[in-house]
Amino acid sequence: MNVPEISLSFRSLVYAQCIATTLAAVLWVAGSFIGGFGRQVAAAGAAESALLFVTSLVILILFSPGKKRPVALLPTLWAATSFIRFVAALGASILLYYGAQFELRPLLFSFLLTSIFLLIAETKTISSMLTKCSSQTL
C-alpha cells in the first residue's frame with residue numbers, strides 16, 4: 001500500500017506567522033494607547049510579538065516544512081513543533097524580561113495574545129493545505 005505524503009508550503013506558513021504576529025502587535029499597541037497604559041506597555045507587547053515571530057521562524061526553519069512526510073505523521077510532528085516553539089518562546093521571553101526590564105504582566109498577556117493568533121493562523125493554513133491534499137488524492 002502506498003502511503004500518501006505531503007509537504008507544507010514554507011512561504012504560506014511564514015506569511016501566516018507574519019500576519020498573526022503583526023496583527024497581535026498592532027492590536028496590543030492600539031489597545032495600550034486607547035486604554036491609557038502608555039509607551040512602556042505598548043513597547044513591551046510589540047517586543048514580545050516580534051520575539052515570538054523570530055522564535056517561530058527559527059523553529060519553522062528547523063522543522064523544514066518543505067520535506068515530504070506521511071500525511072498521518074504530520075499532525076503529530078506539528079503538535080510537537082508547536083510545543084517546542086512555545087517552550088523556546090517562553091525561554092526567550094524570560095530573557096527579554098530580564099534584559100529589557102519590561103514589566104511582567106504586559107509580556108505575559110502579549111505572549112498569550114500572540115500565541116493564540118499564531119495557533120489560529122497556522123491551524124487555518126495547515127488545514128487548508130491538508131484539505132487541498134485530500135481533494136487531490138481522491
Student: Heavy atoms only: give me the nearest S93-L51 pair and the separation to one decimal.
Tutor: N-CD2, 3.5 Å

Student: CG of L73 to CD1 of I6: how many Å apart, nearest 0.5 Å?
Tutor: 12.0 Å

Student: Between the side chain of W28 and the main-chain N/O of V41, is any donor-acceptor distance below 3.5 Å?
Tutor: yes

Student: Just checking, any donor-acceptor pair under 3.5 angstrom between side chains of T114 and E48?
Tutor: no

Student: Examine distances only and state if a side-chain atom of T123 and a backbone atom of I120 form a donor-acceptor pair shorter than 3.5 Å.
Tutor: no

Student: Would you mind reporting whether S56 and L118 have side-chain heavy atoms less than 4.5 Å apart?
Tutor: yes

Student: Which atom names give the shortest non-hydrogen contact between A46 and A25, and what distance separates them?
Tutor: CA-CB, 4.5 Å

Student: Taking the side chain from T21 and the backbone from C18, do they hold a donor-acceptor pair closer than 3.5 Å?
Tutor: yes

Student: Side-chain heavy atoms nearer than 4.5 Å, only ILVMFWY residues, links allowed to pass through others: does that put F109 and L104 together?
Tutor: no

Student: When rounded to the nearest 0.5 angstrom, what is the spacing between CD1 in I94 and CG in L90?
Tutor: 5.0 Å

Student: Side-chain contact, heavy-atom cut-off 4.5 Å: I84 with L62?
Tutor: no

Student: Can you find a heavy atom in the side chain of L57 that is under 4.5 Å from one in the side chain of R85?
Tutor: no

Student: Could you check whether any side-chain N or O of S110 sits under 3.5 Å from a backbone N or O of G45, counting only pairs where one atom can act as donor and the other as acceptor?
Tutor: yes

Student: How far apart are the closest heavy atoms of M129 and L8, and which atoms are they?
Tutor: SD-CD2, 3.5 Å

Student: Are L13 and V71 connected, step by step, through hydrophobic side chains (Ile, Leu, Val, Met, Phe, Trp, Tyr) whose heavy atoms are closer than 4.5 Å?
Tutor: yes

Student: Which pairs, with at least one residue in residues 75-103 and sequence neighbours excluded, count as a ring-ring contact (aromatic ring centres under 6.0 Å, His included)?
Tutor: F63-W78, F86-F111

Student: To the nearest 0.5 Å, what is the distance between CG on L113 and OG on S49?
Tutor: 6.5 Å

Student: Please determine whether residues F37 and V26 belong to a single hydrophobic cluster, defined as Ile, Leu, Val, Met, Phe, Trp and Tyr linked transitively by side-chain heavy-atom distances below 4.5 Å.
Tutor: no

Student: Does L60 reach the side chain of T81, with side-chain heavy atoms less than 4.5 Å apart?
Tutor: no

Student: Decide if atom CD of E5 counts as having more than 12 heavy atoms of other residues, nucleotides or ligands within a radius under 6.0 Å.
Tutor: yes

Student: On a heavy-atom basis, which atom in F10 and which in P65 lie closest, and how many Å separate them?
Tutor: CD1-CG, 3.7 Å

Student: Do the non-hydrogen side-chain atoms of S9 and K132 ever get within less than 4.5 Å of each other?
Tutor: no

Student: State yes or no: do I61 and L77 share one hydrophobic cluster built from I, L, V, M, F, W and Y residues joined by side-chain heavy-atom distances below 4.5 Å, directly or via other members?
Tutor: yes

Student: Is the backbone of I19 close enough, under 3.5 Å, to the side chain of T22 for a donor and an acceptor to pair up by distance?
Tutor: no

Student: Whether the E122 and Q17 side chains hold a donor-acceptor pair (N or O, under 3.5 Å, no angle test) is what I'd like checked.
Tutor: yes

Student: Check whether more than 12 heavy atoms from other residues, nucleotides or ligands sit under 6.0 Å from atom OH of Y15, and answer yes or no.
Tutor: no

